[in-house]
Amino acid sequence: MINLNSISHQYPKGQKIVFPDWTIEDKEQWLLLGASGSGKSTLLNIISGLLKPTEGLVKFDEVSLYNLSTRNMDKFRGQKIGIVFQRPHLIRSLTVLENLEIAASMAGCKFDKLHINSILKDLGLSEKTDSYPDELSQGQLQRVSVARALVNKPTLLIADEPTSSLDDENTVQVLEMLTAQAKNNNAALIIATHDQRVRNHISKAYLL
Ligand code: ADP
Ligand code: MG
């Protein structure tokens with residue numbers, strides 16, 4: 001599904017970061033491991049079509065990502081990739097359900113109410129569809145971010161350091177939620193982390 005070939009990136013003034021080649025097949029679950037500053041977020045941005053690497057080729061379903069026009073790239077990202085951000089990026093003036101609706105419409109996807117209701121139910125959020133972000137706990141907000149990442153039925157779910165600010169118990173819960181949701185939604189999963197506690201939950205690991 002995804003193929004990274006001879007990728008490296010150099011930020012202006014920065015050192016060149018060289019990334020090992022990587023192939024991710026449909027529905028595979030991977031950890032992206034590396035110390036802070038090793039380039040994990042950089043690589044996730046490259047895979048998501050948000051950052052063109054200075055060298056190398058990113059192929060997604062046989063499409064060379066950085067040959068797409070900006071417009072097609074945005075469309076592609078919106079439809080194929082769900083990103084769970086480290087801190088939830090929700091619109092405060094909109095309810096949970098409205099936040100999910102807008103995520104669908106921005107990607108040009110049809111809002112599949114049955115699908116989204118089943119995700120919200122799975123994530124224990126059925127009672128919170130009409131709540132505003134300010135009315136939710138941190139854990140609930142994180143689950144809404146996962147729901148939002150899944151709303152467009154992506155083939156790849158990405159989470160960047162989803163457990164770094166959590167205690168052990170919540171870390172296990174978030175990992176179980178991400179792996180289960182990826183599986184139920186037939187999506188591949190990449191979790192970037194420097195958190196050693198995460199290691200025994202997912203077998204495949206790509207090291208930076
Ligand atoms: P990680 O996510 O593993 O902590 P990052 O990908 O964020 O690592 O960063 C890798 C390296 O690139 C670091 O040295 C960081 O300072 C640098 N870097 C990250 N983003 C930028 C940027 N927008 N501009 C310049 N340098 C950056
Ligand atoms: Mg990072």
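Start at 1 and go down the list; that is how both ligands and their atoms are numbered.
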Asks: Which protein heavy atom lies closest to atom 13 (C) of ligand 1, and at what distance to 0.1 Å?
Replies: Gly37 O, 3.7 Å

Asks: Strictly under 4.0 Å, does any heavy atom of Gly39 approach an atom of ligand 1?
Replies: yes

Asks: So which protein heavy atom does atom 24 (N) of ligand 1 come closest to, and at what separation?
Replies: Tyr11 CD2, 3.5 Å

Asks: Just jot down the ligand 1 atoms closer than 4.0 angstrom to any heavy atom of Ala35, in number order.
Replies: 3 (O)

Asks: Any link between Leu150 and Leu136 through a network of hydrophobic side chains (Ile, Leu, Val, Met, Phe, Trp, Tyr) touching at under 4.5 Å?
Replies: yes

Asks: Can you say whether the rings of Trp30 and Trp22 are parallel (under 30°), tilted (30 to 60°) or perpendicular (over 60°)?
Replies: perpendicular

Asks: Same cluster or not: are Leu57 and Leu51 linked, directly or through other Ile, Leu, Val, Met, Phe, Trp or Tyr residues, by side-chain heavy atoms under 4.5 angstrom apart?
Replies: no

Asks: Before accepting this row, confirm whether a basic side-chain N of the pair Lys40/Glu161 lies closer than 4.0 Å to the acidic partner's carboxylate O.
Replies: yes

Asks: What atoms of ligand 1 come within less than 4.0 Å of a heavy atom belonging to Ser36?
Replies: 4 (O)

Asks: Based purely on interatomic distance, does Ile17 place a nitrogen or oxygen under 3.5 Å from a nitrogen or oxygen of ligand 1?
Replies: no

Asks: Between Arg77 and Asp74, does a salt bridge (Lys or Arg N to Asp or Glu O under 4.0 Å) hold up when you go through it step by step?
Replies: CA-CA 5 Å; Arg77 181 184 321 109; Asp74 288 344; 3.1 Å; yes

Asks: Looking at every non-hydrogen atom in both residues, tell me the closest pair between Ala149 and Pro154 and how far apart they are.
Replies: O-CG, 3.4 Å

Asks: Out of Gly34, Ser41, Ser38, whose heavy atom sits nearest atom 7 (O) of ligand 1?
Replies: Ser41

Asks: Quick one: which ligand 1 atoms are inside 4.0 Å of a heavy atom on Thr42?
Replies: 5 (P), 6 (O), 9 (O), 10 (C)

Asks: Closer than 3.5 angstrom, by distance alone: can the side chain of Arg148 be matched with the main-chain N or O of Leu90 as a donor-acceptor pair?
Replies: no

Asks: Lys80 pairs by side chain to side chain contact (heavy atoms under 4.5 Å, CB included) with which of Val63, Leu156, Asp61, Asn152?
Replies: Asp61

Asks: May I ask you to check whether over 12 heavy atoms, not counting those of Gln10, lie within 6.0 Å of atom CD?
Replies: yes

Asks: Could you tell me whether some N/O pair between Pro12 and ligand 1 is separated by less than 3.5 angstrom?
Replies: no

Asks: Strictly less than 4.0 Å: does any protein heavy-atom distance to atom 15 (C) of ligand 1 fall in that range?
Replies: no

Asks: Do any of the N, O or S atoms of Ser41 sit under 2.8 Å from the Mg ion (ligand 2)?
Replies: yes

Asks: If you count the atoms of ligand 1 from 1 in the order shown, which ones are under 4.0 Å from a heavy atom of Lys40?
Replies: 1 (P), 2 (O), 3 (O), 4 (O), 6 (O), 8 (O)

Asks: Does atom 3 (O) of ligand 1 have a protein non-hydrogen atom under 4.0 Å from it?
Replies: yes

